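The model shown is predicted, which means the values in this text are computed figures rather than measured ones. As the structure lists them, so they are numbered: ligands from 1, and atoms in each ligand from 1. The first residue of the sequence shown is numbered 1, and numbering continues consecutively from there.
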Amino acid sequence: MALIVQKYGGTSVGTVERIQQVAKKIIKHQQAGDDLVIVVSAMSGETNRLVALANELNDRPRGRELDVLLSTGEQVTIALLCMALQQQGINASSFTGSQVRILTDNTHNKARIMEIDDNKIRSALANGHVVVVAGFQGCDKDGNITTLGRGGSDTTAVALAAALKADECQIYTDVDGVYTTDPRVVPEARRLNQVTYEEMLEMASLGAKVLQIRSVEFARNYNVPLRVLSSFIEGGGTLITAEDPTMEKAVISGIAFNRDEAKLTVLGVPDHPGIATQILGPIAKENIEVDMIIQNTGYEGTTDFTFTVHRNDYDSALKVLQKTAESLNAREVTGDNKITKVSVIGVGMRSHAGIANTMFETLANENINISMISTSEIKISVVVDEKYLELAVRSLHTAFNLEKA
Ligand code: ASP
Ligand code: MG
């Protein structure tokens with residue numbers, strides 16, 4: 001008999017009918033003999049509605065009260081789901097985060113889980129109950145209600161699976177798995193049966209918005225097998241696990257991209273120790289996240305320095321950089337907020353030479369100019385003009401044979 005933690009997202013419990021469907025699914029799993037702990041999100045749109053209500057009354061609601069408010073969304077769904085199960089004759093018990101005692105720190109609105117008490121869950125399971133736990137919430141050591149940040153129910157599910165040493169943590173959502181790339185850009189994109197935590201982290205941070213990134217980090221740290229599946233379509237979904245050395249792996253697992261990038265360059269800065277921090281320090285102070293960074297080889301005592309930021313931060317980054325450039329006596333500041341980043345990702349890259357070259361050759365054949373390149377052990381990213389994004393992704397998808405199983 002297996003112990004499975006299942007998480008159902010907001011769309012999966014968005015209406016009474018859908019809650020009934022989820023209940024049916026749960027009953028099927030229970031009949032197969034598994035012990036089940038279910039984590040649910042608020043009904044779709046509910047958390048946004050609560051945030052909007054708060055903002056109508058206060059432009060900066062206090063974190064503590066915001067958490068009292070936001071946690072109600074999930075409290076509604078745990079009760080409703082249990083009622084739907086009980087209506088079918090199934091024993092089910094609902095628990096809020098503080099009832100379980102999902103102990104968090106006291107950082108309201110983005111609290112971190114410190115400890116989970118598994119006593120009540122274990123005894124409910126031993127009594128043959130389906131256990132239904134509210135996602136996204138916990139309480140601090142003084143009993144204040146806390147929430148884990150938007151999308152936090154994924155993290156609740158993984159944390160529970162880790163604490164209970166569950167056999168698998170299944171995330172039911174509105175997509176049926178993780179794809180080789182966005183099917184809206186490449187219709188031939190294929191669902192992956194399996195990816196590693198590392199690959200998923202690269203894909204998630206690059207815009208494959210399937211799972212909260214934090215939940216994947218958590219799963220990796222505690223080695224929780226994580227599966228993404230559709231609530232609506234039958235299928236095996238995508239299993240996310242540690243790298244299995246006995247498995248033959250694809251060289252490239254997927255192609256991620258990020259549309260909303262911008263780059264900034266300062267030309268002709270004096271090339272002396274400390275310029276990187278002098279340029280990026282003021283940017284960090286404005287809380288602007290920097291992604292790629294390139295510094296050229298110096299020439300005649302000066303150098304050029306380029307970095308990328310999220311497009312929303314472009315204007316403020318440009319202002320900051322212009323000030324810095326003046327104080328450093330740099331020649332010129334230039335920028336471009338119509339760029340995108342395309343990355344090929346795969347753990348198999350470690351043992352295969354020539355991946356970068358295949359990527360560059362493919363883009364060259366399409367006449368796509370690369371303006372920046374960065375690499376890590378399992379990823380190669382390039383910056384290209386946004387008008388070539390679709391073409392770049394499609395041609396790379398073909399070049400790396402990703403449509404074939
Ligand atoms: N209901 C919360 C949100 O909308 C948490 C979650 O759904 O994971 O962000
Ligand atoms: Mg979600």
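Without hydrogens or angle criteria, Arg220 side chain to Tyr197 main chain gives no donor-acceptor distance under 3.5 Å. A donor-acceptor pair under 3.5 Å links the side-chain atoms of Arg18 to the main chain of Thr11, judged by distance alone. A donor-acceptor pair is defined here as one N or O able to donate and one able to accept, closer than 3.5 Å; such a pair exists between the side chain of Gln137 and the backbone of Ser71.
Counting atoms of ligand 1 from 1 in the listed order, those under 4.0 Å from a heavy atom of Arg150 are 3 (C), 4 (O), 9 (O). Atoms of ligand 1 found under 4.0 Å from any heavy atom of Ser153, numbered from 1 in the order shown, are 5 (C), 6 (C), 7 (O), 8 (O).
In the candidate list Leu50, Asp154, Thr47, Thr147, Thr47 is nearest to atom 2 (C) of ligand 1, counting heavy atoms.
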Donor-acceptor contacts, no H, no angles, side chain residues 264-286, under 3.5 Å, sequence neighbours left out:
from	atom 1	to	atom 2	distance (Å)
Thr265	OG1	Thr306	OG1	3.0

Would you give me the side-chain donor-acceptor pairs under 3.5 Å for residues 43-60, sequence neighbours excluded?
from	atom 1	to	atom 2	distance (Å)
Glu46	OE1	Arg49	NE	3.0
Glu46	OE2	Arg49	NH2	3.1
Asn48	OD1	Arg150	NH1	3.1
Asn48	OD1	Arg150	NH2	3.1
Asn55	ND2	Val51	O	3.4
Asn58	OD1	Arg60	N	2.9

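Among the atoms of Gly151, some N or O lies under 3.5 angstrom from an N or O of ligand 1. Taking only nitrogen or oxygen atoms, main chain and side chain alike, Ser41 reaches within less than 3.5 Å of ligand 1. Note: an N/O pair closer than 3.5 Å links Glu74 and ligand 1 by distance alone.
In this structure, Glu403 and Arg190 have side chains that are not in contact, with every pair of non-hydrogen atoms separated by 4.5 Å or more.
Using a non-hydrogen distance threshold of 4.0 Å, Gly135 does not register as a contact of ligand 1.
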